[in-house]
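I have placed the structure first, in the form of structure tokens, so that the comments after it can refer back to it.
All figures in this text were calculated on a predicted structure; none of them were measured in a lab. Just so we're on the same page: letters track the sequence lines, and every chain starts at 1. Note that these values count all heavy atoms, side chains included, but never hydrogens, waters or copies made by symmetry.
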Amino acid sequence: MSSISGQPQFRYTQPPSKVIHLRNLPWECTDEELIELGKPFGTIVKTKCNVGANRNQAFIEFADLNQAIAMISYYASSAEPAQIRGKTVYLQYSNRQEIVNNKVTADAASNVLLVTVEGVEAGDVSIDVLHLVFSAFGFVHKIATFEKTAGFQALVQFSDSDIASSAKNALDGRSIPRYLLQEHVGPCTLKINFSAHTDLNVKFQSHRSRDYTNPYLPVAPSAIDIAGQDGMKQEPESNVLLASIENMQYTVTIDVLHEVFSAFGFVQKIALFEKNAGFQALIQYPDIQTANIAKQALEGHCIYEGGFCKLHLTYSRHTDLNVKINNDRGRDYTGGNIATVSNQPSLLGPQPVPMPGATVHSYNSIPYPAISNGVSLPQVPQAAASWDIRSGAMAPLQLHNQSLPPQLHNQPLPPHLHNQPLHPHLHNQIHIQHVAPPGVAPHMMPLPGQRRQQLLFRPPQPYGH
DNA sequence: AGCACA
């Protein structure tokens with residue numbers, strides 16, 4: 001324990017530190033007395049007394065190293081030793097660089113997080129969105145939301161503090177992805193602390209509290225609403241879809257969107273716009289059912305292989321888009337008498353513009369051959385298109401669950417599902433060889449739901465870019 | 001009189 005030389009090693013080898021270690025203190029010593037002792041030498045930022053088994057040691061931390069040096073130097077050459085309550089105290093530099101107060105457990109890790117959502121008003125962020133966001137890190141047991149002066153807050157309970165910590169580390173200071181929010185909602189930054197709670201007392205399932213461990217908990221009447229089965233949105237259904245495009249590495253044109261969304265029915269109108277530094281599109285179908293099918297089939301899918309241009313679909317509040325002019329920002333396929341910008345060749349001539357007054361049936365009228373190249377295709381129902389990488393052909397992507405409305409059964413296949421060729425004009429538009437990476441064909445890539453969650457905040461970087 | 005989980 002002692003040094004080889006017979007003298008304690010620590011005696012002359014302490015490097016300077018802002019922290020001074022004091023010993024031989026009276027047990028009753030207080031922080032005030034430590035401050036009195038050290039104050040003449042500088043600014044004391046922290047003290048700690050009653051340290052050690054005998055509670056007769058203490059620490060003083062100065063704001064500046066030179067102040068600690070001044071105190072040590074003074075008493076090293078002083079005839080009067082440092083004293084507290086008449087007792088000589090011995091000083092030396094501490095072997096630590098700062099006083100740490102582990103007594104303060106205000107921010108101790110907990111399995112319950114206190115989440116403050118900044119920049120929102122009541123109802124902007126549903127409990128289901130929070131559940132989705134936090135479920136990426138583990139099973140969420142309970143959520144309780146409330147409004148305080150601090151704003152919209154939520155307590156999110158995990159099974160243990162490790163999971164809670166990982167969620168906190170990943171999400172604190174970040175924002176809820178735009179596509180989880182309704183159109184009008186601004187950026188929602190999460191500020192996350194550990195709660196002092198360990199188990200929330202959720203009395204019933206409601207729009208403000210949930211217990212995911214107890215499916216038999218009574219449901220508050222106020223919670224029975226029009227939320228969809230996924231519960232992500234409170235928005236009512238609409239024939240107009242709002243598409244947010246995530247990870248948009250490549251240009252997404254109206255023609256591309258038209259191609260993709262036409263697989264489900266006649267697309268009446270499309271409008272593109274930038275919002276909140278993101279890229280969004282409104283796609284108008286003749287009816288809610290068609291929009292519903294497209295929404296469910298395409299949600300989370302990528303337009304391009306490699307996770308690029310992932311679609312996130314919600315119902316718009318619009319029911320009829322006002323497209324005044326056909327250009328690269330807006331398109332009206334209903335054949336109304338509106339102006340057309342001349343530098344949009346794909347709109348002219350053979351562009352598949354159905355007759356005026358077209359209904360969902362009119363999507364059959366798109367002037368493509370029903371079958372091309374003699375390639376027989378799987379039976380309807382078909383939903384989204386999928387490009388075969390090797391052949392460049394488009395293969396059908398099955399709808400997962402629901403049945404199609406009657407009018408979509410036994411119809412000729414939509415143009416996407418045809419092997420070759422597309423109309424020359426459109427062909428060039430949708431193959432997007434100029435935007436896809438070399439050797440990669442445009443491709444509809446379904447991503448599993450869990451992966452979607454994983455990607456929420458950390459979109460993949462394509463090809464090492 | 002000799003470095004803090006408190």
Inset, instruction - Could you please name the option among dG2(B), dA6(B), dC3(B) that lies closest to any side-chain atom of R55(A)? - result: dA6(B)
Legend entry - Distance-only polar pair, side chains of Q205(A) and D211(A), donor-acceptor under 3.5 Å: no
Legend entry - Closest to side chain of N95(A), choosing from dA6(B), dG2(B), dC3(B): dC3(B)
Inset, instruction - Mind running side chain to side chain donor-acceptor pair (under 3.5 Å) on R178(A) and Q280(A) for me, showing each step along the way? - result: CA-CA 10 Å; R178(A) 274 240 57 82; Q280(A) 297 191 323; 5.8 Å; no
Inset, instruction - By nearest nucleotide on DNA chain B, pick out whichever of I99(A) and N24(A) is the more 5' one. - result: N24(A)
Inset, instruction - Select base, sugar-phosphate, or nothing to describe what E98(A) touches, counting heavy atoms under 4.0 Å on all strands. - result: base
Legend entry - For atom CD1 of I72(A) and atom C1' of dC3(B), their distance in whole Å: 13 Å
Inset, instruction - Report the distance from atom CZ of R96(A) to atom P of dC5(B), rounded to the nearest whole Å. - result: 9 Å
Legend entry - Atom-pair distance (CG on L34(A); P on dA4(B)), nearest Å: 17 Å
Legend entry - Whole angstrom value for the distance that separates P of dC3(B) from CG of L22(A): 13 Å
Inset, instruction - Would you mind reading off the distance between N50(A) atom CG and dC3(B) atom C1', rounded to a whole angstrom? - result: 15 Å
Legend entry - Whole angstrom value for the distance that separates P of dC3(B) from CD1 of I60(A): 17 Å
Inset, instruction - Answer yes or no as to whether dA4(B) has its base stacked against F59(A), where stacking requires a ring-centre separation under 5.5 angstrom and planes under 30 degrees apart. - result: yes
Legend entry - Where at least one partner belongs to residues 61-78 of chain A, residue pairs that pass salt bridge (Lys or Arg N to Asp or Glu O under 4.0 Å), sequence neighbours excluded: none
Inset, instruction - Mark yes or no: K142(A) above the aromatic ring of Y212(A), with NZ or CZ under 6.0 Å from the six-membered ring centre and no more than 45 degrees from the axis. - result: no
Legend entry - Length of the CG-C1' vector between L25(A) and dA4(B), whole Å: 13 Å
Legend entry - Rounded interatomic separation in angstrom, taking NZ from K48(A) and P from dA4(B): 10 Å
